[in-house]
Amino acid sequence: MESVKPARERKTEQHLLRPAVLHAVYGGLGFLAANGAVMGNLAPFGAALTAAAPKRYLVAAMSGAAAGYLIRDPDNCFRYIAVVMALGALRWLFNELEFIRRSRLFAPLSAFGAVFATGIAMLLGGTGTPASLLDCVMEALLAGAAAYFMAATVRLSHARRGIAAYTRQESACVVLSACVLLLALGRLTVEGISPGRILAVTVVLICARWGSIGGGAVSGVCTGAVFSLADTGLGYLCGGFAFGGLIAGMFSSLGKFACAPAFVLSNALMCLAFGRENMLPSVLIESFIGASVFLLLPKEVGGLAAPLFSGKNAATGESLRRSVVMRLNFTSKAIAGVQNDVKSVSEKLGELYAPTFSWVCENVAREVCSGCGLRMYCYEHEGGVTRDDFHRLEEFLSQSGRLTDADVESAFVKSCCKKGEIAAQMTQHYRHMQASLEAQRRVAELRGVVAGQFAGVSDILYDLSQEFSMAESSDEDSAERIISALTAVGYRVADCMCLIGSGGRMTVELELADGSYAKGALAREISKCCGRRFDLPALSREGSRVRAALCEMPLYDVEIGSDQHIADGGKLCGDCIDYFSDGMGKTYALVCDGMGTGGRAAVDGNMAVSVMGRLLRSGLSPDSSLQIVNSALMIKSGDESLSTVDLAGIDLYTGGVTLKKAGAPLTYIKKGGRLTAREMPSLPAGILNNIKFSTESIHLKAGDMVVMVSDGVLTGDERWLERLIKTWNEGSAQDLAQAVVQEAIRRRAETKDDDITAVVVRLTENE
């Protein structure tokens, strides 16, 4: 039976194979670039690639370029090999200076300087090319320009972005870099037929068919210009490829079989217009072969080219985005202002109309004393004494809640003939006052909750404005392709939005009819439509609609493990957990602990984790979601209700982890083998209005861990927990979570039992 290698061994082999392949790739690129020449015998492109290659592959690029120069022209290769060596020395010398290494001008300036300096030396010595000062300057400028384009292409290739995510400027850099490499193939001819030019025809037709007029024109100009520079006798190709790409793009809406003949005829026409009738047979043969290859290609190849040249509604989309951001921002501030107005007015009204003990006294005087014969005496001659007598009764009422005749007699300085009536009415009105004050207190609490909702809505609108402001553009063409493709396979799509952020990454949000959806099938279809590799979608259901959110495949993945223990062998746990991806490149781990243990704690914890998770999945920020969770706990019943909220948000693109706590215990971070405990004091949800998270951020790499625990794990001495996490290197995240819970149970054997929860999140590289 064939043995299966463990996953760890396979992963090690992959890590060893990838660098070897990339070294070979850069060596081959250096060889090709060195074999490309322009204006006769000027070949600065191998030096340009050496200036642009990453440091880790610099030796491979230098070796390939040197070998290419040696094979291309053994008699005149010394100068170019010296340039390559000089550039390698410069790269090693200045690589430690970060501001130079990160500068986009370093590669082109170093290539220009090395080629120009050696060219001047050769010119003055008269020992070889270049033949004139103009040739020397032109060659140095070509080296600098090529190095700039190649360096940009190298950065893009290592940025984990699909080609469809490139801007038009970035796309032009890639095309020009590819054209430089095509020069080496252009030098190879068989009976006047060049495989490099055949390949260029195929590329131009692909860009024209799926990139329309813009795609055909840009690719035609770039390829034609490069081949024209390679040989002055091929100047007609600049016009032929450019005009052919433009005409093919105009016929793109009619399909492949309209694009191909349009290009062939246009290219031939420009050849005749330049007076190169002798080259017409080779032009027709190369165009025909390239067009035939294009016709045989599957339509999926266009998935890469189509998004490159989309953006016809970019100006309209940008204006709409800015308008939405501005309106959301101003609406957020307006609602925050309404909250402050409501609070201010309610406080003023409370001061004006809240019942006081003087109100009780006035009512009693009106009802009891108005018909008394001694009223004139008590209120005209002894008014101050009478008021003091009444106010002394407040002490008796606050103690027992009622008055007797004896209380009135002992409190009054002067004798009163209606002690019994005063005692009864004072008791009745005092109870009315207490009831009114209690009602106002409850109304004030409810008003505070409502005011908190104003604040929550304001935060939500502000978060939305920030999210839209970070989106650089909307890809309407990709959205239309997604809707068409999903509809064709039977999905009912209500709407689709494709946003491209500042890093060039695309996020896709779909609104689908309620039903069952295969995440893998959705991701595959959308990846084909956009020419990008998407992660599995996050699905959330609201009513009869399903929201699907997808992001491009991130750099990292997470391994999550969790375990729980219910106090006293009960059926309901007050600790509730949830972990999920939001579909936008973030993974959340959430732990909520209701007050106490048993059913009541389980209700509070489940409500907090359910509401919080639902809102985060819908796209709200954690801070806005907390306000709604807080309000929900405060108004769900008349009894006190609270829950801690412990949240860890992991950005899978950068490895950034944001810890947010509302009354939750400490969290452990294991980074690079070192363990730290993050304790962030804060109040739990459900106690006061407008509570805030305590927040901390940290940056992790593959292999680092976040360990979240409930207060049941912490028994007073946490050194055992620190040792366990710090020395845990081999087992899975699930194994560690179980080990934490089991050890916590053992240590609680002699004390009061409690709900115990552990959640472990380990960052891993995305395969």
Would you say the side-chain atoms of [X] pair up with the backbone N or O of [Y], donor to acceptor, closer than 3.5 Å?
X	Y	value
Arg762	Ala702	no
Lys256	Leu297	yes
Glu509	Cys498	no
Glu552	Met506	yes
Ser478	Cys530	no
His699	Thr654	yes
His23	Arg56	yes

With a cut-off of 6.0 Å (strictly less than), are more than 12 heavy atoms of other residues, nucleotides or ligands near CZ of Phe534?
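For Phe534, atom CZ is crowded (more than 12 foreign heavy atoms under 6.0 Å).
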
Any idea which heavy atoms bring [X] and [Y] closest together, and the distance?
X	Y	value
Ala268	Leu284	CB-CD2, 3.8 Å
Ala147	Pro108	CB-CA, 3.9 Å
Met584	Ala549	CE-CB, 3.9 Å
Ser266	Gly244	CB-CA, 3.6 Å
Ala52	Ala151	CB-N, 3.4 Å
Ile526	Val508	CG2-CG2, 4.2 Å

Kindly indicate, with the supporting measurements, whether the criterion side-chain contact (heavy atoms from CB on, under 4.5 Å) is fulfilled by Phe241 and Val221.
CA-CA 6 Å; Phe241 277 38; Val221 169; over 6 Å; no

Tell me whether the NZ or CZ atom of Arg505 lies within the 45° cone about the ring axis of Tyr653 and under 6.0 Å from its centre.
yes

Going by heavy atoms in the side chains, are [X] and [Y] under 4.5 Å from each other?
X	Y	answer
Thr587	Ile560	yes
Val293	Leu199	no
Met705	Val761	no
Tyr69	Val84	yes
Val154	Pro54	yes
Asp535	Leu550	no
Leu90	Met85	no

side-chain contact (heavy atoms from CB on, under 4.5 Å) between Val201 and Phe263, intermediate numbers included
CA-CA 9 Å; Val201 169; Phe263 179 88; 3.6 Å; yes

If you apply the rule side-chain contact (heavy atoms from CB on, under 4.5 Å), what do you find for Lys586 with Ser581, and how did you get there?
CA-CA 6 Å; Lys586 280 191 175 182; Ser581 170; over 6 Å; no

Say whether Asn267 and Ser287, considering side chains only, have a donor N or O and an acceptor N or O under 3.5 Å apart.
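Result is yes, a qualifying pair exists.
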
With no hydrogens and no angle check, do the side chains of Arg524 and Ser527 hold a donor and an acceptor under 3.5 Å apart?
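Arg524 vs Ser527: no donor-acceptor pair found between side chains.
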
Atom [atom1] of [X] and atom [atom2] of [Y]: how far apart are they, to the nearest 0.5 Å?
X	Y	atom1	atom2	value
Glu139	Tyr80	CD	OH	3.5 Å
Leu555	Asp651	CG	CG	10.0 Å
Asp704	Ile650	CG	CD1	12.0 Å
Lys519	Leu536	NZ	CG	7.0 Å
Phe45	Thr50	CZ	OG1	13.5 Å
Thr507	Ile500	OG1	CD1	9.0 Å

Do Asn766 and Tyr556 pass the side-chain contact (heavy atoms from CB on, under 4.5 Å) test, and can you show the C-alpha distance, the side-chain angles, and the key distance before you say yes or no?
CA-CA 5 Å; Asn766 209 343; Tyr556 296 107; 5.7 Å; no

Ring geometry between Tyr26 and Tyr57 (parallel below 30°, tilted from 30 to 60°, perpendicular above 60°):
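If you compare the ring of Tyr57 with that of Tyr26, the planes turn out parallel.
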
